2 protein chains.
Amino acid sequence: MTPAALRVLEAAGRLFYERGIHAVGVDLIAAEAGVTKKTLYDRFGSKEQVVADYLADRDERWRAFLGRHLAAAPPAAAARVLAVFDAARAWSDEHGPRGCGMVNAHAEISDPAHPAHPIITGQKRWMLALFTDLAAEIAPDGAGRLGPALMLLHEGALVAHGLAVFPDPIRHAREQARALVTAAGDAAARR
Amino acid sequence: MTPAALRVLEAAGRLFYERGIHAVGVDLIAAEAGVTKKTLYDRFGSKEQVVADYLADRDERWRAFLGRHLAAAPPAAAARVLAVFDAARAWSDEHGPRGCGMVNAHAEISDPAHPAHPIITGQKRWMLALFTDLAAEIAPDGAGRLGPALMLLHEGALVAHGLAVFPDPIRHAREQARALVTAAGDAAARR
DNA sequence: CCGTCAATATACCGATCTGTATAGTGAGCG
DNA sequence: CGCTCACTATACAGATCGGTATATTGACGG
């Protein structure tokens, strides 16, 4: 990845997230990156590919960001669930309040053949697997319900945060998640 | 609202929801509606206004649809909460699996001055008020937590449904909502 | 019967869109 | 030295974008 390509990815990431994918043209991306369109097309080949690389980069950053938060959290599964919500809040503090970039991109990309599609669904599947794995540590026979429930709270928190319909939805979701995992943990301990 | 304007609104609603707002041009809307662009601009004045009217129409239809489901539900608040999730599933069965049209539109409209903005946030505020009112009937002193919790589950269910990351997220959300309202009702009864 | 009005058909405007073509510059490297 | 390669500058192509102009038709109501 050449320096110019990195600047394109940085500019595209900022502009796509803040204004939406279809609302941002390649001329603007190139100008903001301080790069000619020729260079952009030499490196990426098409706008579609810039979009896909933007989402893949964002996915990679989020997984690393979350990984650092999980590494700093206590080893107990319940605490790690809460660490996911803490990471989500810290991420949105850093990266802006427009909700989940994957969900926003999915709203603009209807074609399932678009190269961005597997990246979006891949991240969501990965997050569901993470929640389900943590749920299995807390209540092995209830993971099929607890995992999706945590996923729903997480997705709901991100979209509610983006819509700004009520204050601090991620904190609300974290509290609900805490109640769910403690209840599931207590029920598993009684068995 | 003239017959041609109604056809424009029908075509715009279908195309905007299926393909996204920026991906659909006014020429296509006019062609699909069997209407000339002149007529479209005589009736709506701008594409922005077509977008706003599309969302206002969708909002109105959803509230009426939900109202019919609530009218058919038992009067108990807990049952009415579940009826909201049942309505969401029936709605998505009828109107397509691409998630919430308001959330998708919000992902494409970054400008807060866009005429569609108050319609989107208005529907979400209305839904939160509905959930909070129902929560207050179930547990008067816990409505400030139960209402947003139900909202998070509902929003999460819609986005998860759109992303199709796991099967039947609305049913999952309904089950979680049932657990929440029964727990809150039991706690309120013990006091 | 005449004016209003919703609608048609068609052509056009300037701007912007993604993408390409041509020519040239400068640094690193064998 | 000479080749490669990342990059710049500029211009352009063809399509589509939102929006407008002109002229016409047909129905309906006072």
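Here the structure is a predicted model, which is why all the values come from computation and not from measurement. Note on naming: letters A, B, ... go to the chains in the order of the sequence lines (proteins, then strands), and numbering restarts at 1 for each one.
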Which pair of non-hydrogen atoms, one from P167(B) and one from H172(B), has the smallest distance, and what is that distance? O-ND1, 3.9 Å
When you compare the side chain of L28(A) with that of R19(A), does any pair of heavy atoms fall below 4.5 Å?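 When only atoms from C-beta onward are counted, L28(A) and R19(A) do touch, with a gap below 4.5 Å.
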Between R43(B) and Q49(B), is any pair of side-chain heavy atoms under 4.5 Å apart?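 Heavy-atom side-chain distance check fails, nothing below 4.5 Å.
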Both D27(B) and P3(B) contact DNA chain C. Taking the nearest nucleotide for each, which residue is further toward the 5' end? P3(B)
Using atom types as modelled and distance alone, determine if a side-chain donor or acceptor of [X] lies under 3.5 Å from a backbone N or O of [Y].
{"X": "Y17(B)", "Y": "A12(B)", "value": "no"}
{"X": "R7(A)", "Y": "G34(A)", "value": "yes"}
{"X": "E108(A)", "Y": "H22(A)", "value": "yes"}

Please test F85(B) against L153(B) for side-chain contact (heavy atoms from CB on, under 4.5 Å), starting from the C-alpha separation and ending with a verdict. CA-CA 10 Å; F85(B) 288 87; L153(B) 284 173; 4.2 Å; yes
Rounding to a whole Å, what distance do you find between [X]:[atom1] and [N]:[atom2]?
{"X": "I29(B)", "N": "dC17(D)", "atom1": "CD1", "atom2": "C1'", "value": "12 Å"}
{"X": "K47(B)", "N": "dT16(D)", "atom1": "NZ", "atom2": "C1'", "value": "11 Å"}
{"X": "R7(B)", "N": "dA6(C)", "atom1": "CZ", "atom2": "C1'", "value": "11 Å"}
{"X": "L28(B)", "N": "dC17(C)", "atom1": "CG", "atom2": "P", "value": "19 Å"}

What distance do L82(B) atom CG and R178(B) atom CZ have between them, rounded to the nearest 0.5 Å?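 Separation between the atoms: 7.5 Å.
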Assign V24(B) to base, sugar-phosphate, or nothing according to its heavy-atom contacts below 4.0 angstrom with the strands shown.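 Sugar-phosphate only.
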Does anything in residues 36-44 of chain B come within less than 4.0 Å of DNA chain C? Heavy atoms only, and list the residues if so. T36(B), K38(B), T39(B), R43(B)
Requiring both pairing distances under 3.5 angstrom, list the stems that contain DNA chain C and are made of three or more consecutive Watson-Crick or G-U pairs.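 Consecutive-pair runs (3 or more) involving DNA chain C: C:1-30 with D:1-30.
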Establish, with yes or no, whether the OP1 or OP2 oxygen of dT18(C) is under 4.0 angstrom from a side-chain nitrogen or oxygen of S46(A).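 For dT18(C), OP1/OP2 do not have a side-chain N/O of S46(A) under 4.0 Å.
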